[in-house]
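Both backbone and side-chain heavy atoms feed into the values below; hydrogens, waters and symmetry mates do not. Here is the naming used below: chain letters follow the sequence lines, and residue numbers restart at 1 for every chain.
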Amino acid sequence: MKLSFNLNGRPIEVEYEHQETLAEVLRERLNLTGTKISCEVQVCGACTVLIDGLPVSSCTLLAYEARERNVVTIEGLAKPDGALHPVQQAFIDEFAFQCGFCTPGMILAAKALLDENPKPSREEIVHYMDGNICRCTGYVPIVRAIQKAAQKLSNEK
Amino acid sequence: MMPLRRFQIHQPKTVKEAAEMLSHYGEKGRLYAGGTELLLAMKHDLLRYEHLVDVKTVPGLDEIEIGNASLHIGTTVTHRAIEQSVPVREKFPVLAEMANHVANVRVRSTGTLGGNLCFAEPHSDPATLLLALQAHVHVQGRSGERTLGMEELIVGAYETTLATDELLIGIDIPRIAKSQRAAYLKFQTHERPTLGLALVLDVDGNGRSITKARAAVGSVSPKPCRSDQADALLAGPRDKVEKQLDDAAKVLADAADPVDDLEGSAEYKRHLIGVYLRRAFVKALA
Ligand SMILES: Cc1cc2nc3c(=O)[nH]c(=O)nc-3n(C[C@H](O)[C@H](O)[C@H](O)COP(=O)(O)OP(=O)(O)OC[C@H]3O[C@@H](n4cnc5c(N)ncnc54)[C@H](O)[C@@H]3O)c2cc1C
Ligand code: FES
Ligand code: FES
């Protein structure tokens with residue numbers, strides 16, 4: 001079977017089967033390994049990707065659900081010239097990762113939050129990011145990075 | 001990785017067609033909505049299906065409509081759509097706030113209200129609140145439609161009264177009157193709530209007196225539960241009711257009959273019912 005969808009801004013067609021998850025198609029058929037898999041049960045958020053702007057757990061969501069929709073993975077955030085997205089840059093500037101395994105999911109969830117709510121309060125950030133787990137940082141720098149990215153994005157406008 | 005066993009997805013265009021597919025595939029098939037529960041159970045090999053019938057391809061089941069008497073939520077409406085809906089936020093703030101605290105943002109983006117109710121997982125937030133709000137669900141199978149109260153739909157842990165060929169198609173919630181105050185609170189330290197408590201009060205004279213009360217408690221035992229006796233103790237002049245809160249909580253806890261599990265001991269949950277009934281009472285009347 002063929003699955004066609006928009007991946008990081010470009011139309012794409014890929015062979016797949018109904019029982020394949022989106023993470024399997026991304027990682028194994030398309031070699032996009034920036035999407036990480038950890039808990040596999042929608043708890044940790046390592047596998048977060050955006051579908052039509054909304055965060056989903058690609059470890060469990062079927063690739064079937066991506067048909068004719070817009071999927072954004074961590075590989076799609078930087079500009080073609082390599083300039084990082086403000087959320088990515090803020091994670092670097094604020095040392096918001098150590099091992100980095102949670103980072104792609106954190107960054108995509110944070111992007112979805114800021115697209116929807118450009119000036120979130122600290123409480124709103126914590127509530128929204130509640131389902132993204134980090135074993136290393138203790139979250140403080142992650143929240144700071146999101147606040148910083150929010151500021152940067154609002155200055156750009 | 002936990003790969004899923006092979007299955008095929010089918011795309012019905014009408015509820016009738018979906019019902020026929022479910023009946024045709026029998027034990028080998030299952031309705032599929034957001035998949036947030038179903039696919040997990042299938043990954044762990046607790047359930048095996050060769051055919052999934054995608055309810056989301058049936059048009060018109062993803063709508064939220066506010067009528068004069070009630071709010072209608074289609075079965076495939078996601079938790080997120082409920083939390084974001086302007087009419088729900090305005091007219092049913094208690095529902096919007098509950099939806100905003102279900103699971104995490106990813107599960108809310110894909111998980112549906114219908115899927116939550118039909119899976120009948122004991123730790124459901126919506127099931128408890130909808131029981132207190134006197135919601136009804138509409139069900140359709142090959143031979144016709146029926147309407148069920150929440151207590152008639154969910155009868156045990158992972159157990160509903162839906163027949164193999166029946167689909168839940170929508171949920172109706174009566175309008176919350178101006179004289180009514182509603183609150184839903186939950187206690188949660190893990191993925192699912194330890195306790196959910198919903199309280200709806202009909203008040204008179206600036207909240208000095210409660211003419212009618214309806215409390216429901218969920219997550220502490222196999223299914224959400226309420227008690228006429230507890231509701232009776234929660235009605236009357238406010239200062240009198242305040243003195244009866246502990247008794248009402250005890251009656252409600254007896255009715256719910258909490259179980260020991262990973263979320264806590266039965267005794268602890270009984271204690272929580274007392275604490276959260278009081279908090280819900282204060283919140284509802286705030
Ligand atoms: C990590 C995690 C945390 C969670 N935390 C919470 C929480 O805090 N509170 C809470 O309340 N819930 C919680 N949930 C449960 C969540 O709300 C449900 O997973 C979700 O709403 C199920 O909807 P779905 O569309 O994905 O259902 P599916 O997985 O698609 O379906 C679930 C079941 O219902 C059946 N079904 C679906 N739609 C219909 C229909 N229309 N008619 C008949 N049968 C149907 C399916 O056949 C299946 O058996 C959590 C889930 C996860 C994974
Ligand atoms: S790997 Fe998908 S949520 Fe953890
Ligand atoms: S940086 Fe290691 S898990 Fe978050």
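- Taking both residues in full, the closest heavy atoms of P55(A) and S109(B) are given as O-OG, 3.3 Å, listed atom of the first, atom of the second, then distance.
- Smallest separation of non-hydrogen atoms from V56(A) and T110(B): CG1-CG2, 3.9 Å.
- Counting non-hydrogen atoms of other residues, nucleotides and ligands closer than 6.0 Å to CD of E27(B) gives a total of 12 or fewer.
- Interface remark: E116(A) contributes side-chain atoms only to the contact with chain B (heavy atom separation under 4.5 Å).
- Atom NZ of K13(B) sits in a crowded spot, with more than 12 heavy atoms from other residues, nucleotides or ligands closer than 6.0 Å.
- At a threshold of 4.5 Å between non-hydrogen side-chain atoms, the residues L62(A) and F7(B) count as touching.
- Residue E50(B): no heavy atom, backbone or side chain, is found under 4.5 Å from chain A.
- Residue N104(B) comes nearest to G131(A) through the heavy atom pair CB-CA, 3.6 Å, listed as atom of the first residue, atom of the second, then distance.
- Heavy atoms from other residues, nucleotides or ligands lying under 6.0 Å from NZ of K16(B) number 12 at most.
- M42(B) places none of its side-chain heavy atoms less than 4.5 Å from the side chain of Q19(A).
- Both the backbone and the side chain of Q8(B) come within contact range of chain A, judged by heavy atoms closer than 4.5 Å.
- More than 12 non-hydrogen atoms from other residues, nucleotides or ligands lie less than 6.0 angstrom from CZ of R69(A).
- Proximity to chain B is absent for every atom of C47(A), based on heavy atoms less than 4.5 angstrom apart.
- In this structure, the portion of R80(B) lying under 4.5 Å from any heavy atom of chain A is its side chain and not its backbone.
- Residue with the most contacts toward chain B among I51(A), V41(A), D130(A): V41(A) (heavy-atom pairs, distance under 4.5 Å).
- Most heavy-atom pairs under 4.5 Å with chain A: of the set V105(B), V107(B), I9(B), this distinction falls to I9(B).
- Between the side chain of R106(B) and the backbone N or O of Q42(A) there is at least one donor-acceptor pair closer than 3.5 Å.
- Counting non-hydrogen atoms of other residues, nucleotides and ligands closer than 6.0 Å to CZ of R122(A) gives a total of 12 or fewer.
- Taking CG from L40(B) and OG from S57(A), the interatomic distance works out to 9.0 Å, rounded to the nearest 0.5 Å.
- For chain A, the nearby part of D54(B) is the side chain; its heavy atoms alone come within less than 4.5 Å.
- For CG of L262(B), the number of neighbouring non-hydrogen atoms (other residues, nucleotides, ligands) closer than 6.0 Å is 12 at most.
- A donor-acceptor contact shorter than 3.5 Å links the side chain of K43(B) to the backbone of E40(A).
- Counted within 6.0 Å of CD on Q151(A), heavy atoms from surrounding residues, nucleotides or ligands total 12 or fewer; the atom is thus considered open.
- Contacts between Y64(A) and chain B at a heavy-atom distance below 4.5 Å involve the side chain alone, from C-beta outward.
- In this structure, chain A has no heavy atom under 4.5 Å from any part of T78(B).
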